[in-house]
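Below: one structure, written as structure tokens.
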Amino acid sequence: MAGPIGDRLIRVDMTAGNVSIDPYPEDWTLLGGRALSARILLEECDPGCDPLGPDNVLVLAPGVLAGTAAPTSGRLSVGGKSPLTNGIKEANVGGNPGQDLMKLGYRGIVVKGQPADPERRYALEVTADSARLVPADAHKGKWNYPLIEDLSQEYSKTTSFISIGPAGELRLTGASVACTDHEQDRHPARHAGRGGLGAVMGSKGLKYVSVDAEKRPVRKPAKTKEFYALGKKYTKTYLDGPAKEPFPKWGTSAIVAEADTLYTFPYKNRVEGRSPDVETLDGMRIVESFETRGGGMHNCMTGCIVKCSNIVHDADGKYKTSALEFETLTLLGSNCAIASWEDVADLDRLCDELGLDTIETGAAIAIYMDSGGLEFGDAEGAKRILREVAEGTELGRAIGDGAVAIGRKTGHHRVPAVKGQAIPAWDPRPLKAAGVTYCTSPMGADHTAGLVVEPGQPYEEAVRASQESQILNAVCDSSGFCQFLMPNLDEIREFFGHFLGEQVSREQIADLGWRCLEDEWEFNRRAGFGPDDDLMPECMKQDAIGPAKLVWDLDPALVARAYERFEPRDELFESRPS
Ligand code: SF4
């Protein structure tokens with residue numbers, strides 16, 4: 001299958017300071033985003049390497065359909081060996097860099113090596129005709145928002161940015177990679193949060209990447225008429241259907257109340273499944289604030305029809321943060337017994353400024369509180385600790401290194417993490433299929449790897465549902481579509497077919513997802529992962545929640561069946577994820 005002529009791959013050697021622009025391999029045409037990152041890492045990165053050393057490989061790969069007119073399809077995958085899990089990692093992010101790279105025909109950026117001087121900072125400048133490394137020492141240590149404000153003066157209005165904050169520069173393993181949203185102010189509010197890939201970017205001395213797509217048009221599909229007709233039909237169906245529901249109309253923060261009733265709104269380091277603060281943390285309070293303070297819903301990248309991202313203003317009507325999501329309200333809110341959404345908005349802004357994953361950081365603060373280091377509910381104390389992250393104090397570093405690191409430092413017994421990564425809001429005790437994903441996904445505890453919100457499933461069905469969700473999400477994160485659009489496999493393969501000019505079968509699209517998972521599992525096997533890495537932590541087996549006394553009680557042998565491919569069911573292709 002031949003892709004669009006002229007596609008290219010940018011390769012950067014940080015040791016030598018070289019950049020090359022190579023033709024994109026034809027046999028990688030169907031690969032993009034997560035699947036492309038997995039293939040490159042398996043073929044070009046030593047799985048046994050030090051994740052923060054010169055042998056790790058950082059991959060920035062837009063999905064196959066990024067830069068096209070397909071709705072909500074410009075997501076970017078950030079990949080590498082994770083310093084948090086020590087396994088392979090892909091973190092998927094919105095904003096405009098994915099769209100812009102693909103409009104220029106760049107299918108990915110592969111960064112290897114490490115500068116000899118760890119104090120130096122560099123930037124990669126990408127334009128239609130060139131990619132070059134330039135010194136960026138003047139931006140060393142800058143927080144993400146001031147960094148982007150300064151860069152906005154230096155670069156054209158059509159430039160988008162991928163950056164790290166101080167946490168990435170300090171190589172903290174909870175560090176994120178920020179992408180700017182598409183609006184005029186270009187807020188660095190979109191984060192590839194999970195797995196500490198900001199620390200990998202920091203270890204390469206790369207402070208930011210600029211991508212100037214000028215006013216390039218969208219990519220041209222092979223079957224133009226069919227592609228645009230499909231896009232129109234899909235958009236109409238979407239806008240007549242899911243778009244009218246509370247989510248995505250009001251974003252993930254509007255799920256809080258429902259999650260609480262399902263016992264998946266964890267409280268006080270997950271000792272409870274529901275929070276007494278559900279009313280004040282409910283995202284609908286944010287929605288209500290739009291009327292008096294301004295803000296509202298927007299799309300984080302061009303072409304997104306979902307617009308799930310909230311823009312949050314303070315009491316004076318000034319911009320504070322955006323995309324204050326369910327996960328953040330849970331981990332930095334209820335899980336720390338912080339009751340006010342406004343405090344969580346402050347913490348979210350601090351995390352975005354420093355370049356920290358809000359899930360990992362919230363889990364780490366909750367463990368610190370649970371260990372007696374800080375009172376549960378102490379919002380000001382939490383903000384103070386986050387400022388310490390930037391200062392690089394011992395406590396700040398331990399929080400910035402995530403849940404397991406602060407557990408180790410405090411000697412606390414309750415550390416809800418799988419494969420070294422904090423469990424997200426969606427709780428494995430009521431949601432068994434999500435738990436199977438946390439145990440078997442190459443990504444560790446990551447809901448975006450395969451979330452199924454269906455309490456009460458028979459356990460065998462939960463294993464199968466997890467596998468199907470893992471396949472679907474692997475394909476989605478390779479396509480460029482945002483998971484919040486909730487496309488199914490048949491829809492994705494139809495878009496692929498019209499874009500590439502050749503029909504893509506059900507078998508091919510399901511194989512794409514499975515092969516991606518196999519590449520990632522194989523990377524982890526070579527990195528030394530085994531069955532012991534698939535175990536849920538003791539606290540999930542012992543701390544019962546809700547009247548049904550829910551605990552994690554799946555037999556590891558049953559969980560491991562997620563590694564054996566089930567016969568694909570029609571639902572795999574036809575249903576949207578729950
Ligand atoms: S659905 Fe939400 S997260 Fe996804 S691209 Fe659109 S605004 Fe961004």
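Whatever order the structure lists ligands and atoms in, that order sets their numbers, starting from 1. Counting begins at 1 with the first residue of the sequence.
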Q) Would you say Arg75 contacts ligand 1, with heavy atoms under 4.0 Å as the rule? A)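 Contact check Arg75 vs ligand 1: positive.
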Relative to the heavy atoms of [X], which atoms of ligand 1 are at a distance of less than 4.0 Å?
X: Asn299; answer: 7 (S)
X: Val306; answer: 1 (S)
X: Cys300; answer: 5 (S), 7 (S), 8 (Fe)

Q) Of the backbone and side-chain N, O or S atoms of Cys304, does one lie nearer to atom 6 (Fe) of ligand 1 than 2.8 Å? A)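 Coordinating: yes.
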Q | atom 2 (Fe) of ligand 1 - nearest protein heavy atom and its distance | A |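 It is Cys308 SG, 2.4 Å.
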Q) Charged N to carboxylate O under 4.0 angstrom, Arg293 versus Asp314? A)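 The answer is no: the pair does not qualify as a salt bridge.
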Q | Cationic N near anionic O, under 4.0 Å, Arg219 to Asp7 | A |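 Yes, charged N to carboxylate O under 4.0 Å.
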**Q.** Main-chain N/O of Lys320 paired to Arg349 side chain as donor or acceptor, under 3.5 Å
**A.**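 Judged by distance alone, yes, a pair lies under 3.5 Å.
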Q: Would you kindly say whether Ser334 and Ser275 are connected by a side-chain donor-acceptor distance under 3.5 Å?
A: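 No, because no side-chain N or O of Ser334 sits under 3.5 Å from a partner of the opposite role on Ser275.
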Q.
Looking at every heavy atom in both Glu353 and Pro146, which two are closest together, and how far apart are they?
A.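 In this case the closest contact between Glu353 and Pro146 is OE1-CD, 3.2 Å.
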Q: Decide, counting backbone as well as side-chain atoms, whether Cys482 has an N, O or S atom less than 2.8 Å from atom 2 (Fe) of ligand 1.
A: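 Coordinating: no.
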Q) Once the angle between the rings of Tyr145 and His187 is folded into 0 to 90°, is it parallel (under 30°), tilted (30 to 60°) or perpendicular (over 60°)? A)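 Tilted.
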